Structures are given as C-alpha cells and as structure tokens.
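Below you'll find the structure, written out as structure tokens, and then a few comments.
Just so you know, these numbers come straight off a predicted model, no measurement behind them.
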Amino acid sequence: MAYGPKKVPHSWKVVGTQKARVILSVFPSGIEEMFRELGSLPPGPPDFEKVSEICGRYDIRFI
C-alpha cells in the first residue's frame, strides 16, 4: 500500500525486466476517467504530449 497525497510530487518505479500491474484506490473518485482516456490511446510507444494533455485535464503534471 502506498499513499500519494494530491499536490505532492510522487513517483513509481518498476524494478526488473518483467511487466508490472498496479491496483489503485483513489479518493475522491474521478481519476478513473483519465485512465479510460489513456487506455483508448493507440498501441505502441506513448505520445508523451498526448499523455500529458490528458493527465493535465485531471490536474496531473509531470515534473
């Protein structure tokens, strides 16, 4: 379990070479829409500009 408070920078890192999954509980709700939008992007390497645009609508910024 990890706590990532809003407005406080935090990060995640996968250590190793295997794929990883994360299960999130987010309070208050709403950010699940961001993940739906991100999931609808085309397969392949992510377009970071588009990812940043989508995340920005949910007050997520990359530093």
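- If you take CD1 on Ile63 and OG on Ser11, they are separated by 8.5 Å, rounding to the nearest 0.5 Å.
- No donor-acceptor pair closer than 3.5 Å links the side chain of Ser52 to the backbone N or O of Glu49.
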Give the C-alpha distance, both sets of side-chain angles, the deciding distance and a yes or no for side chain to side chain contact (heavy atoms under 4.5 Å, CB included) between Leu41 and Lys50. CA-CA 9 Å; Leu41 292 174; Lys50 184 67 176 169; 3.6 Å; yes
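- The same ILVMFWY cluster, assembled from side-chain heavy atoms under 4.5 Å apart, contains both Phe62 and Tyr58.
- Atom CG of Asp59 sits about 3.5 Å away from atom NZ of Lys7, to the nearest 0.5 Å.
- Distance check, rounded to the nearest 0.5 Å: CZ of Arg57 to CD of Glu37 gives 4.5 Å.
- Counting heavy atoms from C-beta outward, His10 and Tyr3 have side chains that stay 4.5 Å or more apart.
- Contact check for Ile60 versus Ile31: side-chain heavy atoms found under the 4.5 Å cut-off.
- Counting only heavy atoms from C-beta outward, the side chains of Cys55 and Leu38 approach each other to under 4.5 Å.
- Clustering ILVMFWY residues whenever any of their side-chain heavy atoms sit less than 4.5 angstrom apart, transitively, puts Val14 in a cluster other than the one holding Val22.
- Judged by distance alone, with hydrogens and angles left aside, the side-chain atoms of Glu53 form no donor-acceptor pair with the main-chain N or O of Val51 at under 3.5 Å.
- Hydrophobic clustering (ILVMFWY, side-chain heavy atoms < 4.5 Å, transitive): Val8 and Met34 are in distinct clusters.
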